Amino acid sequence: MQSLFGEEDFSPQTASLSFADVILPVPIPRMFTYKIPRNLLSEIQIGARVIVQFGRKKILTGIIGKVHNKAPQAYEAKPILEILDIQPSVNPLQIRFWVWMSEYYCCHIGEVMFAALPSGLRLSSESKVQANPNFDRENAPYPMDEREDKILDALEQNSELSYEDCEKVLGIKTIHPILKSLVTKEAILIFEKVQEKYTPKIETRVRLTKDFVSDRKSLETLFEELAKKPKQESILLKYLRDVPIFQSPKLNEKGLDKAKLLEEGDSESSLKTLIKNGVFESFKQLINRIGEVEPEKEAAKLSRSQTQAVQEIKGHFEEKNTVLLHGITGSGKTEIYIQLIQEVLESGSQVLLLLPEIALTTQIVNRLQQVFGSKMGVYHSKYSDNERVEVWNGVLSGRFSFVVGVRSSIFLPFDSLGLIIIDEEHEASFKQFDPAPRFQARDAAIMLAYFHQAKTLLGSATPSFESYYNASKGKYGYVQLTSRFGDSALPEFHLANLAADRKKNLLKLDSSRLLREKIQEALGKNEQVLIFQNRRGYSPYIQCEDCGWTGQCVQCDVSLTYHQFAEELRCHYCGYKEKVPSSCPACGSTQLSTMGMGTERIEESLTLLFPEARMGRMDLDTTRSKYGYQRILDEFGAGQIDILVGTQMITKGLDFGRVTVVGIWDGDRILNFPDFRAGERAYQQITQVAGRAGRRAEKGQVIIQTRNPEHSLFEKVLKGDYDEFFRQELIDRKKFFYPPYVKLVKITTRHTDFKKGEKAAIALHREMAKIPVKKIVLGPEKGLIGRIKNQYQFESLIKLERSGATQTLFKEKLGEILQELQAIPDFRSVRWIVDVDPS
DNA sequence: AGCACGCCGACT
DNA sequence: GTCGGCGTGCTC
């Protein structure tokens, strides 16, 4: 409606801030400017979620990133349609953090937003059409074509149609022009339905009314009255059985879930009568999906060395923001964490504890929950989105002042962090590979802590080179915990020479004599055995014994992996799968054999060798379900498994006194990783696995099977001197320009056409070489896997001088270069993937 | 990224 | 002629 004075409002407040830059979850490297309608002006806040139209028909949830008064010159800003938050879901600190992340990791802020917000906080939107009630089809002023008529026919049957419905009605994809024409002819209306996806779970509970709780006599009277009403009596009895109010009248307050009360077949109508008569009352309660847990246990008392470590950490925090706690496996880092967390929480600040994904379902979470009860939130990747929203909102409302979580929990809406702890900080899983943002959660957390003026504690038995280097340079404080808890001795290492055994014909199903002997010994004493098999870049495949055929993926340059359980060949890169052929597709031979040795094969071999032993396996396949991991751990803990075969995961969270033998099935596999970090990783892995052996009385035995027992790395690991190993490795890193002496950026160029991809990668190389910073540009090289999902890939590696200015300038220029290259017609469909600090 | 638009070949 | 293939450009 036009007012007498026109549309403009000249009051200074509104005139000054009438535009908002909105962050949208789309991969476009900028924010989008929208107009703030006057009626919404007072509600606009940085970090609030808003609904906007993006493009012709898309409706998106965005986050207000900035409010200003600069009307865009090049286009007419669209209005913000709706504000979803009275209290912003995202705080300004987070927005700063997002901006930092998008700049540091060379991605778009929308990609960060997409990763940060649980999808339950984004909205579903659907455009729908309805018939215009004021439109008279009989006397239409304009003629309708056949398709338009079809839509109108459909609308006579249904009150509303979604776009998809319309597509189906006409059987074509591009329906928008038709609908647009119908709108112009005023025959239909288009409306948007936006609903919040998140539905909090509400439970109906019942409890006794006050009179019956406070006065025991009235309850006795009630029983007399109910004597002739067995159905009602049965409900009352059951309630009292589950809620023993005589022991503690307080229990009545929480009541009992109505569904649970009725689950044994009691009728709802009897309960209704009881409620009507004022015996019970019903009430609704929001269910916390994580489960309400009261603190049960006091924190364990610290040992002397632990107390000392806490003091040292606090001492370093006086002048340094980050401290590395280097504590060998079993030295009791958790107690130290608990002590520090308690102190920070008491001071009124928040705490975040980051754990690697595979460690999160284990005892440590239970332990912490017993100490911190319901003020602790758990943020896990296996949680449903609803559960994530609950943790998010719990942090927002202050219900959770402490969160234990995986990598992505750094995005939770903390507003006053005092401490971030990163346990097992060396773990590679803190780095996100795909999709963008490709961030390293440990490094990002240190930045986050800086934004909060908080402290960061890194904990590891085998620190990453970066952290250890920073500690050795005095940038981080360094605290070492040496004594192993309960004084259990360090394990004894043995190298089992596979090559020698093979010559002497002692190899049985790829197991060495030594390993078999040690297993047999352990089984004889009713002790447990762990067998570790590194899986990365290594999986079983099928090969024809006659012609050498192996299953290849149709769209990637990789062999298909054999999955015995499903009798399938699968591609780990694109997910393609096919049934295992019964004969060789190339030559027809039926002699197909399994090559390589996955955990499945090892389990099979050991079953043959030790038929009396109870076997267990722990890998991606057996732990896929939410509680699969816990189940295996429980069984192992209860002694129902004698030999457990597993991947990486067995190095986490296992803390069982009866493990005395740990076997590393293929030690060479750990050494031969094609990466500058091979040595570091090997040291870490072997040490971590070995740490599972002999945790209590008995001295543990670690057997490493290898064809190169002379390899110098084994010697170093066996010595257990991390510092010496570190110093030797560093010499190489310095000589060949690798981290921590340089910063790495990896750029992958992808295209469906080999030649075009190669051309693009070379063009990129040429442009990057011109950037005026101290650097080395390597490549482009054909990717380790030449083709993924039908796209050929080429990799460039850039080694940058370790200075902030160099990195900033390089990333800035790189952004410009990529934009320019994408504008070249030939490179239009080339994909570039930038990975900063790849691991 | 999606998605609409536009220009071209295949086929009723 | 129409359909739908894919290359191109844009999203506030």
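Quick caveat: nothing in here was measured; it's all calculated off a predicted structure. Letters A, B, ... mirror the listed sequences (proteins, then strands); counts begin at 1.
- Rounding to whole angstrom units, CD1 of residue A/I59 and P of B/dC3 are separated by 13 Å.
- Looking at residues two or more places apart in sequence or on another chain, you find no salt bridge (charged side-chain N to carboxylate O under 4.0 Å, His left out) involving A/D753.
- Counting to the nearest Å, the P atom of C/dC12 and the CD1 atom of A/I80 are 13 Å from each other.
- Comment: A/E156 engages A/R137 in a salt bridge, judged by a side-chain N to carboxylate O separation of less than 4.0 angstrom.
- Both cation-pi conditions hold for A/K811 and A/Y104: the charged atom is under 6.0 angstrom from the six-membered ring centre and inside a 45 degree cone around its axis.
- Rounded to whole Å, atom P of B/dG2 lies 14 Å from atom CG of A/L24.
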Identify each donor-acceptor pair in which a side-chain atom of residues 91-98 of chain A lies under 3.5 Å from a protein atom, sequence neighbours left out, and give them as a table.
residue: A/N91; atom: OD1; partner: A/L93; partner atom: N; Å: 3.1
residue: A/N91; atom: OD1; partner: A/Q94; partner atom: N; Å: 2.9
residue: A/N91; atom: ND2; partner: A/F414; partner atom: O; Å: 2.7
residue: A/Q94; atom: OE1; partner: A/N91; partner atom: N; Å: 2.8
residue: A/Q94; atom: NE2; partner: A/F411; partner atom: O; Å: 2.8

So which protein N/O to nucleotides 8-11 of chain C N/O distances come out below 3.5 Å?
residue: C/dG9; atom: OP2; partner: A/R828; partner atom: NH2; Å: 3.4
residue: C/dT11; atom: O3'; partner: A/G55; partner atom: N; Å: 3.2

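- Under the 4.0 Å criterion applied to side-chain N and carboxylate O atoms, A/K431 and A/D837 are not assigned as salt-bridge partners.
- In this structure, a donor-acceptor pair under 3.5 Å is present between the side chains of A/H751 and A/S829.
- Within 4.0 Å of A/P27, counting heavy atoms only, lies at least one base atom of the nucleic acid.
- Distance, A/L60 CG to B/dC3 P: 11 Å, rounded to whole Å.
- Protein atom NE2 of A/H108 is 17 Å distant from nucleotide atom P of C/dC12, rounded to whole Å.
- To the nearest angstrom, C1' of C/dG7 lies 17 Å from CZ of A/F827.
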